[in-house]
Amino acid sequence: MTEPIRPAAANRPALALHDVSVGHTERPLVEHVELAVFPGQVTALIGPNGSGKTTLLKTIAGQLRPLSGSIELCGEDFQAMQVSKTARIMSALFTGRPRTELLTTKDIVDAGRYPYTGRLGTLSDDDEQVVREVMEATGTWGLRDRDFAHMSDGQRQRALIARALCQQPRVLLLDEPTSYLDIRAQIDMLQLLRRYARERGIAVLASLHEIELAQKAADRIVCIRDGRVLRQGEPSEIFTGPVIADLYDLDRSSFIDAFGSVELPRPEGRPLVFVVAGGGSGAAGCFRELQQAGVPFSAGVLHGNDVDGLLAASLAATVICERDFEPISDGAIERAKQEIRDCGALICCLERFGHMNARNGELVAYAHELGQPVFPSAKAYLDSLDL
Ligand SMILES: Nc1ncnc2c1ncn2[C@@H]1O[C@H](COP(=O)(O)OP(=O)(O)OP(=O)(O)O)[C@@H](O)[C@H]1O
């Protein structure tokens, strides 16, 4: 007889780890993990390569025994649970190519229904309906008759996610589910996972390398590093420059919270050119071009809440900033003039100035007064260097 599964309650974790330590040998790789994933919630595991995300997921999936601690699935002790019951509660997808011969994509997805079929694995009409619905949702229905072994990496990944969803799990474990997917497919997949989580109350725990996607797609983030959960919390608590810098050993300013993205390191050395920008004109076609050409630059006068202020804080050697929503002050102009004298050239990305940055026009005039070259774009400046 199949064992009953307790109904899900939104306020009780579908998956809970208590003081769990995991590893491939007696020696723990990640220790003392406390984790709770609630129905309808997407939790992302992030952390550097080799930190133990896959090992933790494999332990939760039952492929490795925990070295210590306990795991609860829907309020019950996972280790004491029958495999047939576990398969109706939890599905897991790991990276790696399953070897298949002469199996269609639909055969692979059908396997997700086996926890519900009899021994012969014959799908009922209801099972067929679940398979079709999930294959349509994951964009794999059109591939149903194709040989699975000849699918592209991205198509294969979508089919395997379809198989995991067909299991109608309460808990879904995914190891790097967006690997192999192009950016459009990544967005579609995360959107789909969020929808399934919300509408069907699935607790999703996924390791993700793309932190900008984790920031947007997850409700909670668990950071793993140095053999432990370094920190966990909501995306707004985790995706800040200092936390991401600590987790991945990055420069503190390279992760820009507002954009949710990481910038390449700023060029080293004394700034060679001063950039007058604002309103996104520096971000649109100047700051990154200078960074890519390895040219250290200063920028100003910018408002910190402007997209250019945010990006310059990460890429420029020096940024002269004015307080948000305030017109440019004498002090900021004087500091900018000092920078311009030190730089020896100026790029002005703006054709016109507005009320708040009108005084940046004085900086352009100042560079002319000093007899410095003034360029309308990074390209014009870089061309003049004849790099
Ligand atoms: N089967 C295994 N036997 C022994 N050690 C292993 C095994 N699989 C992985 N490891 C080691 O365990 C450590 C953690 O690996 P794991 O794959 O869990 O990290 P990860 O955080 O998922 O890494 P990545 O981000 O690179 O996928 C690594 O040092 C790895 O070499």
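In each ligand, atom 1 is the first atom listed, and ligand 1 is the first ligand listed. One-based numbering along the sequence shown.
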ask   = Below 4.5 Å, heavy atoms only, C-beta onward: do Leu272 and Leu385 meet side chain to side chain?
value = no
List the atom pairs, with distances to 0.1 Å, where a side-chain N or O of residues 230-238 and a protein N or O form a donor-acceptor pair under 3.5 Å, not counting sequence neighbours.
{"residue": "Gln232", "atom": "NE2", "partner": "Glu34", "partner atom": "O", "Å": "2.8"}
{"residue": "Glu237", "atom": "OE1", "partner": "Glu234", "partner atom": "N", "Å": "2.7"}

ask   = According to a 4.5 Å side-chain heavy-atom criterion applied to Ile, Leu, Val, Met, Phe, Trp and Tyr, with indirect links allowed, do Val374 and Phe287 form part of one hydrophobic cluster?
value = no
key: Salt-bridge criterion met for Asp110 and Arg113 (N-O under 4.0 Å)   = no
task = Any pair with a residue in residues 276-293 that passes salt bridge (Lys or Arg N to Asp or Glu O under 4.0 Å), sequence neighbours left out, goes on the list, sorted by first then second residue, please.
result = Glu263-Arg288
query = When you look for protein heavy atoms under 4.0 Å from ligand 1, which residues do they belong to?
reply = His24, Leu29, Pro48, Asn49, Gly50, Ser51, Gly52, Lys53, Thr54, Thr55, Glu176, His209
remark   = residues 188-199 vs salt bridge (Lys or Arg N to Asp or Glu O under 4.0 Å), sequence neighbours excluded, gives Arg184-Asp188, Arg194-Asp219, Arg195-Glu199
